[in-house]
*Asks:* 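Here you go, one structure.
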Amino acid sequence: MVDMVRSEAAKRGWQTRRIKNVLNDMMVNAGLTAKARSNFLSEFTGLDFKSPKHNHYFDFGYPTSLNFKSFFEMYTRMGLAHGVVERTVEKTWETVPQLLQTPADDDETVLETTLRKRLRKLRFWQNMVELDRRSMVGAYAGLILRIADNKRFNEPVDGKVPGGLDGLVEVIPAWEGQITVSEFDSDERSPTYGLPKMYQFNEANIAGTHNKTRSFDVHPDRVIILSDSGTVHDRSALEPAYNAFLDCEKVSGAGGEGFWKNAKGTMILEVDKEAKIQEMAKAMNVEVSELFDAIGEQIKDVNTGLDQGFMAQGINVKRHDVSLPSPEYFFNAPLQIISAAMSIPIKILKGNETGERASTEDQNQWAKTNMARRANRIVPFLDDFLERLIEWGMLDDKGEWDIHWDSLMEDSPAEKMGFAKQMAEVNQSNPSQPPFTHDEIRERVGYEPLKASDLLDPDDDHADKLEEDDDD
């Protein structure tokens, strides 16, 4: 009896172990199958199915890699991206700088006058604005200098260029897609190791410039790169906000398409149970088997225009309207991301279409942002430009050339008059002890202090004497 019990217990233990082994095998096989499936799908689609997290780029329709073409098409086809670039460039170049050898308050020297006139003839500053615009869209942009040194573009500029500033013949702004590095200096002993050894310029590489035929190699002496780092190893200013731009485009496009479809309305067709199919086909001059295809073609024609119609014998046509949510709420979320990524206040980004102007704080912050762009991006480029003109003998190397640029923080004429008015009103409220003098109020507006002779009638006999005293 005892042996029978032991035998039965052993049998049950064996069965239990057998079941466990089967279950373990099933779990291992399931894991191997899942792993194999994951590896296959990852290799086939390029997506990481082994990660427990979502692939946001795949889920939201964002491209995983971007290039110059991506940013160029975004700039040229999407108004918001175009506006961000234009607002930044316009604010940065609200005024153009002066290239000076002497303090800004001093009279202009002969050489300063010659340089200013030469740059104006070359439309240098207009080309600089265009270069800055192109450098924001691409990772960089290049300014090609055409020099009258009787050499080809692919040759270095050696020694002094004859003719002084007249030796600078043309400046050519180039997109990233037009000027690329064809060769880097790989000699570790070279002082230019790691830098471009030759550029390739192809003017027809950009959409809309196919009628341009200039294509040549360019020596680095004749190219100045504009970017945040001053090199070609940079990235587009649009890149951090690229996904948000796409979101805005999706919302805007979906809103427009939804409005269009809702304006036309979705048609629901109900065929009357008493309808005579043969007569309907005869009326439409088609076979019975082709009837529904013919009706489909009529519906297609209706959907291509708002003023189309079709015959509906034996068919009840109903309109199905959809209540669309306002896209503004969904548009504002990515707009805030663009504002943060591009360092542009939201009210300046949106403009004044709502009647709400940007606050003084926003305007001041925007001015500071663009003054920083000037100091960290444009001024180093102009320093390089001046150094080359000096090296090539086009400018005098005596003294130090400086770049003077009007501050963007200065008040507008209307703001100056507003402050002067407030100062005058404060004086009127304290007539016994006015806190501001007339000269201080005039200075706030930008006027010189009044002289004693300015307060007299010019016909007065004492006016001439006071004018002499003022001159003294």
Side-chain angles (χ1 to χ4, degrees), residues 66 68 70-97 123 125-141 143 173 175-176 206 208 226-228 234-252 327-328 331-379 381-382 405-415:
L66 299 170
F68 171 73
S70 308
F71 301 120
F72 182 78
E73 291 180 349
M74 176 70 74
Y75 167 73
T76 55
R77 296 295 299 272
M78 186 185 181
L80 185 59
H82 185 274
V84 166
V85 173
E86 295 304 308
R87 275 181 167 78
T88 304
V89 171
E90 288 171 2
K91 187 63 178 178
T92 301
W93 294 93
E94 192 171 282
T95 60
V96 297
R123 298 181 63 85
W125 298 118
Q126 290 88 337
N127 282 299
M128 277 300 305
V129 173
E130 179 60 27
L131 186 73
D132 192 17
R133 178 181 293 112
R134 297 182 182 194
S135 72
M136 285 192 67
V137 177
Y140 62 89
L143 189 70
W175 297 91
E176 175 194 348
I206 300 299
L226 177 59
S227 66
D228 284 339
D234 227 311
R235 65 176 188 171
S236 168
L238 298 176
E239 185 173 351
Y242 192 88
N243 292 348
F245 281 126
L246 287 182
D247 288 341
C248 286
E249 195 168 27
K250 292 175 188 175
V251 174
S252 177
E328 183 178 2
F331 190 85
N332 282 335
L335 197 65
Q336 294 281 357
I337 297 175
I338 294 171
S339 172
M342 303 297 296
S343 300
I344 175 171
I346 189 70
K347 291 180 182 176
I348 291 176
L349 174 60
K350 293 173 66 175
N352 195 26
E353 77 278 1
T354 60
E356 185 179 6
R357 299 183 62 185
S359 65
T360 302
E361 183 178 354
D362 284 342
Q363 292 175 353
N364 289 339
Q365 183 58 48
W366 181 229
K368 290 178 181 179
T369 298
N370 284 279
M371 288 184 67
R373 285 192 80 247
R374 287 177 170 182
N376 300 322
R377 185 184 181 91
I378 308 299
V379 170
F381 179 94
L382 295 176
W405 217 332
D406 294 337
S407 173
L408 294 173
M409 299 296 293
E410 292 184 358
D411 300 324
S412 66
E415 290 172 331

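No hydrogens, no waters, no symmetry mates; every other heavy atom, side chains included, goes into these values. Along the sequence shown, residues are numbered consecutively beginning with 1.
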*Asks:* Can you check whether Leu226 reaches Leu143 side chain to side chain, under 4.5 Å on heavy atoms?
*Replies:*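 Counting from C-beta outward, Leu226 and Leu143 never come under 4.5 Å.
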*Asks:* Return the minimal non-hydrogen interatomic distance between Ala367 and Leu408, and the atom names on each side.
*Replies:*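 Scanning both residues, the minimum pair turns out to be CB-O, 3.7 Å.
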*Asks:* Drop me the distance from Phe71's CZ to Met74's CE, to the nearest 0.5 angstrom.
*Replies:*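 Here the interatomic distance stands at 8.5 Å.
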*Asks:* Quick one: do Glu90 and Arg87 make a salt bridge, cutoff under 4.0 Å?
*Replies:*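 So Glu90 does not pair with Arg87 through a salt bridge.
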*Asks:* Hey, is the main chain of Thr95 close enough, under 3.5 Å, to the side chain of Trp405 for a donor-acceptor pair?
*Replies:*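 Yes; judged by distance alone, with no hydrogens or angles, the pair exists.
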*Asks:* So which heavy atom on Val137 is nearest to which on Leu238, and how close?
*Replies:*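 That would be CA-CD1, 4.5 Å.
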*Asks:* Is the closest side-chain heavy-atom distance between Trp366 and Gln363 below 4.5 Å?
*Replies:*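 No. Closest side-chain heavy atoms not under 4.5 Å.
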*Asks:* Under a 3.5 Å threshold, yes or no: a donor from one side chain and an acceptor from the other, between Arg377 and Ser135?
*Replies:*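 Short answer, yes.
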*Asks:* Just verifying a value: how many Å separate Leu80 CG and Met342 CE, rounded to the nearest 0.5 Å?
*Replies:*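 So the gap between those two atoms works out to 9.5 Å.
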*Asks:* If you look at every heavy atom in Ile344 and Ser339, which pair is closest and at what distance?
*Replies:*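 What the structure gives for the nearest pair is O-OG, 2.5 Å.
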*Asks:* Working note: Val84 + Met78, criterion side chain to side chain contact (heavy atoms under 4.5 Å, CB included); need CA distance, chi angles, decisive distance, verdict.
*Replies:* CA-CA 10 Å; Val84 166; Met78 186 185 181; over 6 Å; no
*Asks:* Of all the heavy-atom pairs spanning Leu66 and Tyr242, show the shortest one and how long it is.
*Replies:*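 Scanning both residues, the minimum pair turns out to be CD2-CE2, 3.5 Å.
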*Asks:* Hey, could you give me the CZ/CD distance between Phe68 and Glu73, rounded to the nearest 0.5 Å?
*Replies:*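 Those atoms lie 10.0 Å apart.
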*Asks:* So, the side chain of Ser236 versus the backbone of Met136: is there a donor-acceptor pair under 3.5 Å, distance only?
*Replies:*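 It does hold such a pair.
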*Asks:* Rounded to the nearest 0.5 Å, how far does CD of Gln336 lie from CD1 of Ile346?
*Replies:*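 Going from CD1 on Ile346 over to CD on Gln336, the span is 4.5 Å.
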*Asks:* With heavy-atom distances below 4.5 Å as the criterion, would you say the side chains of Glu361 and Pro345 are in contact?
*Replies:*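 No - every pair of side-chain heavy atoms lies 4.5 Å or more apart.
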*Asks:* Kindly give the heavy-atom pair with the smallest separation between Pro97 and Leu382, and that separation in Å.
*Replies:*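 Shortest heavy-atom separation between Pro97 and Leu382 comes out as CG-CD1, 4.0 Å.
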*Asks:* To the nearest 0.5 angstrom, please state how far the NZ atom of Lys368 sits from the OG atom of Ser407.
*Replies:*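 Answer for the NZ-OG pair, Lys368 versus Ser407, is 10.5 Å.
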*Asks:* Can you classify the ring geometry of Phe72 versus Trp175 as parallel (below 30°), tilted (30 to 60°) or perpendicular (above 60°)?
*Replies:*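 Perpendicular: the ring planes of Phe72 and Trp175 meet at over 60°.
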*Asks:* Measure from the side-chain N and O atoms of Arg374 to the backbone N and O of Thr92, and report whether any donor-acceptor pair falls under 3.5 Å.
*Replies:*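 Judged by distance alone, yes, a pair lies under 3.5 Å.
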*Asks:* Rounded to the nearest 0.5 Å, how far does OH of Tyr140 lie from CG of Leu131?
*Replies:*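 With rounding to 0.5 Å, CG (Leu131) is 12.0 Å from OH (Tyr140).
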*Asks:* Hey, is the main chain of Val89 close enough, under 3.5 Å, to the side chain of Asp132 for a donor-acceptor pair?
*Replies:*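 Not a single qualifying donor-acceptor pair exists.
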*Asks:* Heavy atoms only: give me the nearest Asp362-Ile348 pair and the separation to one decimal.
*Replies:*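 For Asp362 versus Ile348, the nearest heavy atoms are O-CD1, 3.8 Å.
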*Asks:* For Glu86, which residues count as a salt bridge (Lys or Arg N to Asp or Glu O under 4.0 Å) partner, sequence neighbours excluded?
*Replies:*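 Only Arg133 meet the salt bridge (Lys or Arg N to Asp or Glu O under 4.0 Å) criterion with Glu86.
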